[in-house]
There are 2 protein chains.
Amino acid sequence: MNLAPEYKARLDKALEHSGQRSTKQREHIFSVLLEKRDHPTADEVYARAKSDMPTISLATVYNCLETLVETSLIRQVNFEREPTRYCPNLTQHAHFYCRESGEIVDIELSDEAIETLMKALPKGFSARHIDIAYDGKCNGCHD
Amino acid sequence: MNLAPEYKARLDKALEHSGQRSTKQREHIFSVLLEKRDHPTADEVYARAKSDMPTISLATVYNCLETLVETSLIRQVNFEREPTRYCPNLTQHAHFYCRESGEIVDIELSDEAIETLMKALPKGFSARHIDIAYDGKCNGCHD
DNA sequence: GCTATTATTTAGAATAATTCTAAGTCTCAT
DNA sequence: ATGAGACTTAGAATTATTCTAAATAATAGC
Ligand SMILES: [Mn+2]
Ligand SMILES: [Mn+2]
Ligand SMILES: [Zn+2]
Ligand SMILES: [Zn+2]
């Protein structure tokens with residue numbers, strides 16, 4: 001649970017910018033997300049967070065995750081009605097959900113791909129964000 | 001609540017093909033979806049369905065919607081953790097969610113756009129489906 | 001450094017969409 | 001027409017998430 005100084009600085013700046021305080025818990029949850037760069041649910045984050053900070057509560061995990069999402073330090077990812085997942089990868093990417101293994105994989109997207117999708121919008125529509133979710137079989141789950 | 005013969009035929013065929021029975025309730029829920037071609041939640045479908053079929057239950061609405069989705073007669077649409085919505089438009093399209101009005105608008109997608117996205121997948125990945133959700137401001141909600 | 005103010009954390013209760021259960025009803029092949 | 005299995009139904013159960021209210025911690029002003 002040590003947040004590299006560059007990330008600590010990024011966190012503090014983002015929190016200050018939005019008028020929120022830097023706390024041990026927020027720092028720790030951010031570090032948990034950065035440590036293993038997958039897409040854990042709030043429960044999984046809670047489990048991981050507890051090993052270094054046994055007194056943290058699930059409510060705080062939800063609160064911290066919400067704060068980190070609001071300040072654009074992490075992203076939220078949803079598949080159908082499954083529990084929300086959290087992603088520390090801030091680059092432009094889509095998500096691939098493997099129906100076999102349940103794994104979630106980042107799919108990098110070119111600016112061109114995003115451009116194509118933006119051009120599909122009718123006149124007068126402006127999108128702040130596009131969420132792209134593939135589902136199928138990943139490379140590890142062949143026939 | 002009259003299902004045009006072509007849709008009745010499509011429903012019966014799809015149900016038969018998957019070894020399920022054609023029932024008044026399934027027919028009615030299908031017709032409700034087709035009548036007003038928006039993106040209602042299960043509760044909204046329930047409310048609409050009750051006016052012509054007052055004894056239908058919410059559980060049945062959920063069951064019927066699930067059956068219709070499984071047989072590819074309608075689509076399911078999710079935005080974040082909001083209640084699931086249902087869409088009778090089977091053409092290839094994305095969804096635009098307007099943060100102002102809450103409206104959900106179908107965005108038709110060219111084969112080219114889908115191709116571009118499919119090409120973004122690394123080797124060994126095969127997608128059965130791509131879910132694309134825009135969010136922003138629609139044409140009716142300008143500054 | 002102390003203190004007051006305000007934000008944050010916490011445990012547990014509450015919420016809400018959806019699924020499950022078990023009993024009753026309907027459909028359809030025989 | 002009958003029986004087996006499918007479907008519907010009301011209500012209970014589930015579960016991810018949010019809310020509540022009290023305890024604790026962070027910061028600004030002294
Ligand atoms: Mn990701
Ligand atoms: Mn649609
Ligand atoms: Zn896989
Ligand atoms: Zn709008």
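Numbered from 1 within each chain, the chains take letters A, B, ... in sequence-line order.
By the neighbour-count criterion of 12 heavy atoms within 6.0 Å, atom CD of B:E16 is sparsely surrounded, having that number or fewer from other residues, nucleotides or ligands. At most 12 heavy atoms of other shown residues, nucleotides or ligands fall within 6.0 angstrom of atom CZ in A:R128.
For the 3.5 Å distance criterion, the side chains of B:T41 and B:D43 fail to qualify, holding no donor opposite an acceptor.
Atom-to-atom, CD of B:E16 to P of C:dT27 comes out at 16 Å; the value is rounded to the nearest Å. In this structure, CE of B:M53 is placed 17 Å from P of C:dT25, rounded to the nearest angstrom. Here C:dT9 presents its C1' atom at 14 Å from NE2 of A:H28, a figure rounded to the nearest Å. A:R26 has its CZ atom 12 Å from the C1' atom of D:dA25, to the nearest Å. For B:K50 and D:dT8, the NZ to P distance is 17 Å, given to the nearest whole Å. When rounded to the nearest whole Å, the span between NZ of A:K24 and P of C:dT9 equals 11 Å. Spacing between atom OH of A:Y46 and atom P of D:dT15 amounts to 17 Å, rounded to whole angstrom units. What separates CD of A:Q20 from C1' of D:dA28 is a distance of 18 Å, to the nearest Å.
Taking for each of A:L58 and B:L58 the nucleotide of DNA chain D with the nearest heavy atom, the 5'-most of the two is the partner of B:L58. Residue order along DNA chain C, read from the 5' end via each residue's closest nucleotide, puts A:I56 first among A:I56 and B:D43.
Among the protein residues, A:T55 comes within range of the sugar-phosphate backbone only, with heavy atoms under 4.0 Å from sugar or phosphate atoms but none that close to a base.
Among the nucleotides D:dA16, C:dT9, C:dT18, the one closest to the side chain of A:T23 is C:dT9. Distances from the side chain of A:R21 to the nucleotides C:dT6, C:dT10, C:dA17 place C:dT6 closest.
Within residues 59-83 of chain A, the residues approached by DNA chain C to less than 4.0 Å at the level of any non-hydrogen atom are A:A59, A:T60, A:N63, A:R81, in residue-number order.
The minimum heavy-atom distance between B:T71 and B:S18, with the atom names listed, is CG2-OG, 3.6 Å. Smallest separation of non-hydrogen atoms from B:V61 and B:A42: CG1-O, 3.7 Å. Closest approach of A:C138 to A:C98, counting heavy atoms only: N-SG, 3.4 Å.
Axis orientation changes by 40° from one end of the helix from C:dG1-D:dC30 to C:dT30-D:dA1 to the other, with each end axis drawn from 5 pairs and the value rounded to 10°.
Residue A:T84 has no polar side-chain atom (N or O) positioned under 4.0 Å from OP1 or OP2 of D:dA16. Between B:Q25 and D:dT9 there is a side-chain polar atom (N or O) within less than 4.0 angstrom of OP1 or OP2.
Looking at B:H95, its side chain never comes within 3.5 Å of a backbone N or O of B:Y134 through a donor-acceptor pair. Side-chain atoms of A:R81 come within 3.5 Å of backbone atoms of B:R81 as a donor-acceptor pair (strictly under, hydrogens ignored).
Salt-bridge check for B:D38 with B:R48: passed, with a basic side-chain N closer than 4.0 Å to an acidic carboxylate O.
Here the straight-line distance linking atom SG of A:C64 with atom CD of A:E27 works out to 11.0 Å at 0.5 Å rounding.
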